[in-house]
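Each ligand, and each atom within it, is numbered from 1 in the order the structure gives. Keep in mind that the numbers below use all heavy atoms, side chains included, and drop hydrogens, waters and symmetry copies.
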Amino acid sequence: MSPVASAVGAPLLEIRGLTVDYGEGPGAVHAVDNVDLVLHRSETLGLAGESGSGKSTLAHAVTRLLRPPGTITGGQVLYHRREGKDAAGHVSDGPARSGPVNVLDMTRPELRAFRWEEIAIVFQSAMNALNPVHTVLAQIADTLKAHRPGITRAECRERAAHLLTTVGVPAARMSAYAHELSGGMRQRVMIAMALALDPEILVLDEPTTALDVVVQREVLAELVRLREEFGFSVLFITHDLSLLLEVADRVAIMYAGRVIESAPAEEVYRDPVHPYTRGLVASFPPLRGPRRELAGIGGSPPDLRALPPGCAFSPRCRHAFDRCTRDLPLLRRPAGAPERLVACHLDDPNGSADDER
Ligand code: SF4
């Protein structure tokens, strides 16, 4: 791994019109519905939303780890590999092929190489993700051997020691089993394993949710440091928007399987536009400035099997008007906000609440 600048760069992963269904036919549930997102080089993109909003399903679809009955029914996941790499991420001897590769079209061997080499995922529960009958060293070595067939035992040991030290775990713990480690250490080991092959993208699916607040902060600080040091891009998924606003460059909010707002993290915090985003931001204490009264969001997350017509948030939205229960709001760029997208009929010049009052 070599240190690189942390400036956000060109598109690395483009998710275009991604749709994931559970079930088939008219009764199919759209867990992810026509989602567009772009992750840039060296960027941390945060994905926030309540349970069932589709964020984890999206992460599993992007990495092709989705299990039945989940099915990807539409869209593309375009990966812009580095010059000189083939579709699976191997450095090729031949001339570099131009253009991105669609992850959804990859063959099984291509996928096996793509995962870990180019994209690695850290799940919420390290206890479940780690193999209980193998030591940390054995599990890191497994990953290394699968992708570097000629690697020796001594080289595996050396690499494991380096990775563990990098994430703040003493190298001596490589002989430990998962149950011999604390929750924070297990999650750090998962991060070390994810970094084993120096991937371009780290997908973090609720990586600190199972940890207590103090350890959560320590692991987050470690992640921020690692990203700055190694320059990988991060897709960070959590239900905790306050946490995302601290670590992400940009934030996308999901509701009922759709992205309903995306903007730079600072803008989301300072001036949330979508009523649901406003509700989320108002539900945690401000990081700086005067205290404000905390407010929750009334109602419950929607039942994806029976979404209301128009805007899925309308039953909970105190700004709802006639059009909201009729037309599905599509993402649009509000005037004077070039980096923001919002899916709400409020202040829409093509037919706003004012027209109906
Ligand atoms: Fe509320 Fe209507 Fe906007 Fe939906 S489209 S968030 S119901 S104002």
re atom 4 (Fe) of ligand 1, the protein heavy-atom contact at minimum distance is Cys311 SG, 2.4 Å
Test item: Gln76 side-chain N/O and Leu18 main-chain N/O as donor-acceptor pair under 3.5 Å: no
In ligand 1, which numbered atoms sit nearer than 4.0 Å to a non-hydrogen atom of Cys317? 1 (Fe), 6 (S), 7 (S), 8 (S)
So does Cys324 have any N/O/S atom less than 2.8 Å away from atom 3 (Fe) of ligand 1? no
Can you measure from CG (Leu45) to CD1 (Ile15) and round to the nearest 0.5 angstrom? 8.0 Å
Note: Ser314, heavy atoms under 4.0 Å from ligand 1, region reported as both
Among all protein heavy atoms, pick the one closest to atom 6 (S) of ligand 1 and tell me residue, atom and distance. His274 CE1, 3.4 Å
May I ask you to say whether Asp249 pairs ionically with Arg227, meaning some side-chain N is under 4.0 Å from a carboxylate O? yes
A student checking ligand 1 against Cys344 at a 4.0 Å heavy-atom cut-off should list atoms 3 (Fe), 5 (S), 6 (S), 8 (S)
Is Lys145 close to Cys156 at the side-chain level, that is, under 4.5 Å between some pair of heavy atoms? yes
Strictly distance-based, threshold 3.5 Å: is any side-chain N or O of Glu267 a donor or acceptor partner for the main-chain N or O of Pro264? no
Kindly say whether the aromatic ring centers of Phe123 and His60 come within a distance under 6.0 Å. yes
protein heavy-atom neighbour closest to atom 5 (S) of ligand 1 works out as His345 N, 3.3 Å
